[in-house]
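If you're wondering where the values come from, they're calculated on a predicted model, not measured in any experiment. In what follows, chains carry the letters A, B, and so on, assigned in the order in which the sequence lines appear, proteins first and then strands, with residues in each chain numbered from 1.
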Amino acid sequence: MGNIDTGYSSLTEYKESVEKDVKNLVRKKGKEKQERDYIKHSSYAISRIKEEICLLFNNKYDLTGDTKKINISLPPKHIHADLTVSVFDYSKTLRKSPALLARELADFINTSQKKYIESVSANNGYINILINKKEFYSQILSSVLRLGDKYGFSDVYKGKTVLIDYSSPNIAKPFGIGHLRSTVIGQALANLYYAVGYSVIRDNHLGDWGTQFGALIYAYTHWGDEAVIAANPIEELKNLYVRFTEEAREQPALKEEARKLFSQLEQGDEGLVILWKKFRELSLQEFQKTYDRLNVSFDCMLGESFYTEDFNKVIRDLKEKGIAKDSEDGAVIVENLDNLPSFLLQKNDGSTIYILRDVITVMYRKRVFNPDVVLYVVGSEQKLNFQQLFALCKKAGYSGDIKMEHVDFGLVLIGGVKMSTRKGTLVNLDEVLKQVIAKARDLLLEKGELDVSVLNKTSDTIGISSVIYADLKQNRNSNIEFDWQKMLSLESGSSVYLQYTYARIASILTKTNVALPFKKIDPIYFVQDALEFKLAVRLSLFPETVLHSVENNTPHFISAYLEELAAEFNNFYTQVSILKTADSALQKSRIALIAAVATTIRNGLSLLNIPTLSRL
RNA sequence: GCUCCUGUCGUUCAACGGAUAGGACAUAGCCCUCCGAAGGCUGAAAUGCAGGUUCGAUUCCUGCCAGGAGCACCA
């Protein structure tokens, strides 16, 4: 965080100051790991059910005994049951037909002693479960309300460390809607991994090094206008860069100039370092505004510029290991690695190229953070590069047993093709936010009765949320066709639906004078409507959903879950009046239920880095 | 040319190899004197084509078709 303006004036000083920040960070994370309170996953009601099933299965057949492998979910609508477990996996290992196995297991379970399960029935390869409602219901509600904003968290990955490399915008280029994807997916994953017990290092791997800076320096010194830049830094730096690429097309010699300048920068040329530092800081100030709006934060911003030390040593080592070699013109290349296309490591003028800096980054991360997992949240167009990077690091022994994963995502397309800065088809994130906030504001004014002081804040929150949510609700790997109308939609299927549901509940709770969170709920089962119990069962699956989402790096599992939960609540809401419930014990029980729903919606959205409002 | 990704209602997205393929927008209707209608309820509407694997395929394999991305001195 602290390396925006540390007053350095040379590359050496810059790196020293960053090193110091990193040392503090490592200490801080170590301490946090020690002192953090973890919530036992086994304490959740759903875990107890799974354990019971697991035990019963193992009593009948000698199955693996791993609770994690029990596949539990809600049954489809037409099945009358609370939960369902499939036996397909076991049917393969036991070489029995799914239908027969399910029947045998169901019969066995029905004649055994049970605590949480009332009874089961077999259907095809499924075992449909009726739960001991009294026991289960009170356990779920009390755990949601007791844990509050920690409901859904667990200790499953306690002790593990993950480093997440995300956002990583390029200096001197506007923050496009494409970078939003890496930023919001990365931030959601950071929240999710933390929730299941990981120690999380959030690293913004800035694109602040490379030949582009040679180009930028050339453009700046030849065409730059100080006053224009001061007025609108990023826009002007972008214009300079665009002008450079245009002119370089006419005169290829300019590219040579840019390479030369970058090479000099890399060798620490004082004048060039000052320019580079200026570009970097101007950009970071702009980026910070965007991060603040999105409520995104990092533990460190170790850009590419930080990983250039000792690259000759690495090159030498890779050559000795027979992985890299000199090409005829003096560059360094890697050939025949795992059948991947060969690639360049170092240019023939001795300066570094991105993949070499990535290798050094891996080594640094291994040495300093020693993570179990590293996630690269980067677009799918870089898939090949990561295959090459991972293969090289593995072969050279640089990554040890770190699990490195490219969490790729599709492009944001416009008119079916990739957005491009040069073609001017890049949609600026600020522009999107501006419009969506204006739309939210109009809508709020239409609904009336909001005083101006909260109007701005609320429309900001709604607008920004819906942009984040639109991205996170879909599977990462497919391309997104950018569509203004869809982007500006604030109806069902947007974050507003969830925030609206939350606000509805908050409103009821205010009217019943119940402050959230309330600590105690009577452990009595008092359910009149079938929907109440169904809601509770769905609530119990939230911790499972969080885990599932982490295991697949898919934040959209959370949004899907929340939308189903909200829909079920809204249905309940139209059928039952909480305020008019005559029986006071029943009313109390219902209040606890909706409070638990609200808590879960809030927690889920918060994992996606989206805030809730008690009033829209 | 080679490699990878994606083809699902009109549109845009879901669906660990599993039960009747699910939502949203649009569309045809219904529901506010009643806890917030930014809501709820009821319709119509889809797995690119051809084979294969098996108890079962939108999902896995092969071929074809269509769209997108990548393939050394950019990142």
Side-chain angles (χ1 to χ4, degrees), chain A residues 71 73 75-79 84 86 88-89 91 97-99 123-126 128 168 170 207 209-212 215 245 255 258-259 304 327 329-335 339-349 351 353-355 357-358 378-385 387-388 408 410-411 413 416-418 440 443-444 446-447 462 470 473-475 477-481 483 485-486 489-494 496-497 499-501 503-512 548 551-552 556-557 559-560 563-564 566-567 570-581 594 615-616:
Chain A
N71 186 0
S73 59
K77 270 184 242 161
H78 61 279
I79 299 288
T84 187
S86 67
F88 300 111
D89 290 347
S91 98
S97 87
N123 186 346
N124 288 325
Y126 295 94
N128 294 313
S168 314
N170 291 323
W209 207 241
T211 313
Q212 49 170 335
T245 50
K255 281 191 180 169
R259 262 178 233 144
E304 288 189 83
S327 71
D329 64 354
V332 179
I333 57 168
V334 176
E335 285 180 331
N339 287 326
L340 293 165
S342 52
F343 55 96
L344 199 75
L345 272 183
Q346 188 178 27
K347 297 185 231 175
N348 58 14
D349 66 2
S351 59
I353 199 165
Y354 62 92
I355 196 159
R357 299 193 288 272
D358 284 344
V378 180
S380 57
E381 73 269 31
Q382 291 194 32
K383 193 160 190 152
L384 177 59
N385 308 304
Q387 286 175 348
Q388 290 167 331
D408 61 337
L411 300 163
L413 306 175
V417 284
K418 189 180 171 180
L443 216 57
L444 282 170
E446 216 175 275
K447 310 271 173 200
I462 292 175
K473 76 169 284 181
Q474 72 175 277
N475 197 327
N477 55 25
S478 44
N479 294 342
I480 295 183
E481 176 65 37
D483 176 358
Q485 201 194 335
K486 192 178 152 201
S489 152
L490 298 174
E491 304 169 38
S492 289
S494 76
V496 181
Y497 178 71
Q499 284 164 327
Y500 174 76
T501 306
R504 256 184 167 175
I505 297 174
S507 169
I508 299 172
L509 294 177
T510 311
K511 288 180 179 132
T512 53
H548 198 200
E551 279 152 10
N552 296 283
H556 80 279
F557 288 175
S559 65
E563 285 183 32
E564 283 162 13
N570 283 324
N571 186 355
F572 171 67
Y573 172 92
T574 57
Q575 291 181 38
V576 172
S577 173
I578 285 98
L579 292 182
K580 286 185 182 164
T581 301
I594 65 167
R615 207 180 139 195
L616 297 191

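Of all heavy-atom pairs between A:Y497 and A:A566, the closest is CE2-CB, 3.7 Å. What you find for A:K473 and A:H556 is that their closest heavy atoms are O-CB, 3.3 Å.
In this structure, A:N71 CG and A:S86 OG are separated by 4.0 Å, a value rounded to the nearest 0.5 Å.
Among the protein residues, A:N339 comes within range of no part of the nucleic acid, since none of its heavy atoms lies under 4.0 Å from any strand. The residue A:L384 sits close only to the backbone: its heavy atoms come under 4.0 Å of sugar-phosphate atoms, none of a base. Contact annotation for A:V334: no contact, since no heavy-atom pair falls under 4.0 Å across all strands. Residue A:N71 is in base contact, counting any heavy-atom pair closer than 4.0 Å across all strands shown. Across all strands shown, A:A503 has heavy atoms under 4.0 Å from base atoms, whether or not it also approaches the sugar-phosphate. Looking at heavy-atom distances under 4.0 Å, A:N348 makes contact with a base. Residue contacts for A:S97: at a heavy-atom cut-off of 4.0 Å it reaches no nucleic acid atom on any strand shown. Across all strands shown, A:G210 has heavy atoms under 4.0 Å from sugar-phosphate atoms exclusively, and none from any base. Counting non-hydrogen atoms under 4.0 angstrom, A:I578 reaches a base of the nucleic acid.
Summarising the base pairing, B:C64 is matched to B:G48 through a Watson-Crick or G-U wobble pair whose two defining distances lie under 3.5 Å. Across all strands shown, B:C25 forms a Watson-Crick or G-U wobble pair, both distances under 3.5 Å, with B:G10.
Distance from the side chain of A:K383 is smallest to B:C4 among B:U20, B:A75, B:C4. Closest approach to the A:I508 side chain among B:G36, B:G23, B:G40 is made by B:G36 (side chain taken as heavy atoms from C-beta onward).
With hydrogens and angles left out, the side-chain atoms of A:K255 and A:T211 include no donor and acceptor closer than 3.5 Å. Side-chain contact, A:N477 with A:S380: no donor N or O sits under 3.5 Å from an acceptor N or O.
Under 4.0 angstrom from either OP1 or OP2 of B:A38 there lies no side-chain N or O belonging to A:R504. A close approach under 4.0 Å does occur between a side-chain nitrogen or oxygen of A:S478 and OP1 or OP2 of B:A14. For the OP1/OP2 pair of B:C34 and a distance below 4.0 Å, the side-chain nitrogens and oxygens of A:S577 include no atom meeting the criterion. For A:K511, a side-chain nitrogen or oxygen approaches OP1 or OP2 of B:G36 to under 4.0 Å. When the side-chain nitrogen and oxygen atoms of A:T574 are compared with OP1 and OP2 of B:G39, none of them lie within a distance under 4.0 Å. Note on A:K447: every side-chain N or O is 4.0 Å or more away from OP1 and OP2 of B:G36. Taking side-chain N and O atoms only, A:N552 has no distance below 4.0 Å to OP1 or OP2 of B:C16. A:Y573 has no side-chain polar atom (N or O) that falls below the 4.0 Å cut-off from OP1 or OP2 of B:C34.
With rounding to whole Å, A:K473 atom NZ is found 9 Å from B:U12 atom C1'. What separates CG of A:N385 from P of B:C4 is a distance of 16 Å, to the nearest Å. In this entry the distance linking CZ of A:F557 with P of B:G23 reads 18 Å, nearest Å. Atom CG in A:L411 sits roughly 12 Å away from atom C1' in B:C4 (whole-Å rounding). Atoms CD (A:E446) and P (B:G36) sit 20 Å apart, rounded to a whole Å. Counting to the nearest Å, the P atom of B:A75 and the CD atom of A:Q212 are 6 Å from each other. The distance between atom CD of A:Q382 and atom C1' of B:U3, rounded to the nearest whole Å, is 16 Å. A straight line from CD1 of A:I355 to C1' of B:C74 spans 13 Å, rounded to a whole angstrom.
Each of A:H556 and A:N123 has a nearest nucleotide on RNA chain B; the 5'-most of these lies closest to A:H556. Checking A:V332 against A:T84, the closest nucleotide of RNA chain B that is more toward the 5' end is the one next to A:T84.
Taking only distance into account, the side chain of A:S494 never meets the base of B:A38 through a donor-acceptor pair shorter than 3.5 Å. Interface remark: the A:Y500 side chain does not form any donor-acceptor pair with the B:A38 base, using a distance-only criterion of under 3.5 Å.
Within the 4.5 Å cutoff, the side chain of A:L384 has heavy atoms near those of the A:L340 side chain.
Taking the O4'-C1'-N9-C4 or O4'-C1'-N1-C2 dihedral as appropriate, B:C32 has a value within 90° of 0 and is therefore syn.
With sequence neighbours excluded, the residues satisfying salt bridge (Lys or Arg N to Asp or Glu O under 4.0 Å) with A:R259 are A:E256.
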